[in-house]
2 protein chains.
Amino acid sequence: MALKHAILVLLEQQPGSGYDLHKRFQQHMGFFWQASHQQIYQQLKGLLTDGLIVGQDKQQQGKPDRKVYHITDSGKQELIGWMHQLSKPLKINDTLLVKLYGGHLVDSEVLLRDLQQQQDSYRKTLAVLQQLEQQYQALAESQKQPYRLPYLTLRRGIYHVQGWLAWAEEASQLLSDWQ
Amino acid sequence: MALKHAILVLLEQQPGSGYDLHKRFQQHMGFFWQASHQQIYQQLKGLLTDGLIVGQDKQQQGKPDRKVYHITDSGKQELIGWMHQLSKPLKINDTLLVKLYGGHLVDSEVLLRDLQQQQDSYRKTLAVLQQLEQQYQALAESQKQPYRLPYLTLRRGIYHVQGWLAWAEEASQLLSDWQ
DNA sequence: TATCTCATGTAAACTGTTACATGATTTT
DNA sequence: AAAATCATGTAACAGTTTACATGAGATA
């Protein structure tokens with residue numbers, strides 16, 4: 001299971017609570033890893049009982065208590081072992097494409113509307129990713145080093161979103177042409 | 001649930017058995033929809049009890065019996081209703097990128113090996129997709145019409161795979177440069 | 001006054017994966 | 001003789017989603 005390991009990757013970088021982890025997933029891995037807070041809390045339970053992480057309660061003034069988790073040595077070993085295994089190919093289940101595939105059942109406007117809705121959110125995502133890229137590129141060479149590997153994943157996100165948008169324009173055009 | 005609807009899309013085009021459907025998923029939708037035969041058999045059961053499909057046993061000489069399913073009117077209505085709903089954004093959970101993100105824990109060779117493994121399979125996929133595209137383009141305009149919408153999904157597959165390969169080259173290069 | 005963010009969780013339902021099971025025909 | 005393809009499924013487990021639940025402080 002990769003969610004467990006994705007959590008370990010984040011905790012290896014820096015300890016954090018379930019809430020923190022959810023935000024970090026959204027902010028830094030949102031374009032290649034998605035996990036709900038419920039899932040994260042459930043996995044943290046499992047990681048705790050397996051001894052791969054430890055947790056400590058921290059009180060805060062004015063805010064609810066947080067349970068801050070740290071990776072253990074055994075967790076780090078588990079993570080390194082996992083990294084050495086070859087990855088399974090990415091599984092894609094794309095609802096929009098199923099609809100396009102069977103799109104003869106509806107007006108093309110129905111398909112175009114769905115395409116456009118996604119286009120809007122992809123454009124916003126692209127803007128965010130490009131801003132992150134600029135932030136990285138603006139760093140001095142000596143400062144870049146710790147962000148190199150995350151930068152590679154960012155580049156993947158940019159390729160993905162740009163490819164999607166280019167395709168969507170082509171597809172919208174063709175759908176409109178065919179009436 | 002989209003698997004149910006993906007099955008309905010295939011059955012609306014042409015009746016078929018669970019085994020057929022599995023093959024059709026692999027051959028025509030493999031780059032945007034993946035489903036195991038176990039999943040398909042389970043979903044067919046549910047579709048049957050919901051009255052969205054009907055099945056009939058067909059004997060074959062020398063081979064096991066097949067249960068051939070047909071979409072019902074109610075199934076077609078369900079499908080059309082589903083098509084009118086806006087799609088949820090594609091969920092991507094990419095293990096390889098999680099490994100890259102936390103890749104400081106291992107030698108870059110470990111990461112490169114994983115990248116190359118996937119590169120090999122993406123290259124093969126690209127060849128298949130491009131061949132399908134040529135088959136479509138070779139058709140006379142009058143013959144293309146029924147394949148137009150599937151062609152749009154094929155284009156998406158090509159964009160995706162080409163984008164992945166371009167990124168992988170860039171990423172491999174950078175990983176090697178950084179030692 | 002209402003909504004958003006912080007912060008944590010449970011329970012039920014649904015979906016998906018892995019392993020097992022069977023057995024005939026066809027191809028290498 | 002072995003492996004692949006045809007053809008169907010069950011059972012146990014793992015993972016995900018949706019709905020529910022609580023409650024404080026900050027912001028509009």
Side-chain angles (χ1 to χ4, degrees), chain A residues 1-8 15-27 29-30 33-50 52-53 55-69 82 85 87-95 98, chain B residues 1-8 15-27 29-30 33-50 52-53 55-69 82 85 87-95 98:
Chain A
M1 217 275 295
L3 174 54
K4 270 188 180 128
H5 295 100
I7 290 172
L8 289 176
S17 66
Y19 190 86
D20 288 338
L21 289 168
H22 184 228
K23 277 199 305 177
R24 286 162 68 187
F25 271 121
Q26 284 182 142
Q27 286 166 9
M29 294 180 156
W33 199 271
Q34 277 149 266
S36 64
H37 73 102
Q38 294 92 331
Q39 259 181 292
I40 292 166
Y41 287 122
Q42 282 170 40
Q43 293 303 323
L44 284 170
K45 238 193 268 178
L47 288 165
L48 254 187
T49 59
D50 293 346
L52 305 177
I53 59 174
Q56 27 175 143
D57 284 19
K58 291 225 171 158
Q59 292 140 265
Q60 299 184 112
Q61 63 278 57
K63 290 178 187 173
D65 289 1
R66 306 164 75 239
K67 290 185 194 166
V68 177
Y69 297 97
W82 175 75
Q85 291 166 225
S87 305
K88 277 188 287 187
L90 178 60
K91 189 185 165 178
I92 294 181
N93 278 177
D94 192 333
T95 302
V98 175
Chain B
M1 215 275 296
L3 174 53
K4 269 186 181 131
H5 295 102
I7 290 172
L8 289 176
S17 66
Y19 190 87
D20 288 338
L21 290 168
H22 184 228
K23 276 199 306 178
R24 285 163 68 188
F25 272 119
Q26 286 182 141
Q27 287 166 7
M29 296 180 155
W33 200 271
Q34 277 148 268
S36 65
H37 73 101
Q38 293 94 332
Q39 258 181 294
I40 291 166
Y41 287 121
Q42 283 170 40
Q43 292 303 323
L44 283 171
K45 240 194 265 177
L47 287 166
L48 254 186
T49 60
D50 293 346
L52 305 178
I53 59 173
Q56 30 176 139
D57 285 20
K58 291 225 173 157
Q59 291 140 267
Q60 299 183 113
Q61 63 277 57
K63 290 177 188 175
D65 288 0
R66 305 164 76 240
K67 289 186 194 165
V68 177
Y69 297 97
W82 174 76
Q85 290 166 227
S87 305
K88 278 187 287 188
L90 178 59
K91 190 185 164 179
I92 294 179
N93 279 176
D94 193 333
T95 302
V98 174

Considering all heavy atoms, the nearest B:P15-B:V68 contact: CB-CG1, 4.0 Å
Spacing between A:D50 atom CG and D:dA14 atom C1', to the nearest angstrom: 13 Å
Contacts of type ring pair (Phe, Tyr, Trp, His ring centres under 6.0 Å), residue B:H37, not counting sequence neighbours: B:Y41
NZ on A:K91 to CG on B:D94, rounded to 0.5 Å: 14.0 Å
Phosphate contact (D:dT8 OP1 or OP2) by B:Y19 side-chain N/O below 4.0 Å: no
Whole-Å gap separating P (D:dT10) and CD1 (B:I40): 15 Å
Identified side chain to side chain contact (heavy atoms under 4.5 Å, CB included) partner of A:I92 from the options B:N93, B:L90, B:I92: B:L90
Whole angstrom value for the distance that separates P of C:dT15 from NE2 of B:H5: 10 Å
C:dC6 phosphate, OP1 or OP2, under 4.0 Å from A:K23 side-chain N/O: yes
side-chain contact (heavy atoms from CB on, under 4.5 Å) assessment of B:T95 paired with A:W33: CA-CA 8 Å; B:T95 302; A:W33 199 271; 4.2 Å; yes
From CG (B:L52) to CG (B:L47), nearest 0.5 Å: 5.5 Å
Nucleotide D:dC13, atom P - distance to NZ of A:K4 in whole Å: 15 Å
Rounded distance (Å) that lies between atom P of C:dC6 and atom CG of A:L21: 14 Å
Interatomic distance, A:Q27 CD vs C:dT5 P [rounded to whole Å]: 12 Å
Where do N or O atoms of nucleotides 16-18 of chain C meet protein N or O atoms at under 3.5 Å, pair by pair?
from, atom 1, to, atom 2, distance (Å)
C:dG16, OP2, B:Q39, NE2, 2.8
C:dG16, O5', B:Q39, NE2, 3.2
C:dG16, O3', A:K91, NZ, 3.4
C:dT17, OP1, A:K91, NZ, 3.0
C:dT17, OP2, A:K91, NZ, 3.2
C:dT17, OP2, B:Q39, OE1, 3.2
C:dT18, OP1, A:K88, NZ, 3.3

Position toward the 5' end of DNA chain D (nearest nucleotide), B:K45 or A:H37: B:K45
Distance in Å, B:S87 OG paired with B:W82 CH2, rounded so as to fall on 0.5 Å steps: 6.5 Å
Spacing of A:D57 atom CG relative to C:dT8 atom C1', expressed in whole Å: 11 Å
A:L44 CG to D:dG15 C1', straight-line distance once rounded to whole Å: 15 Å
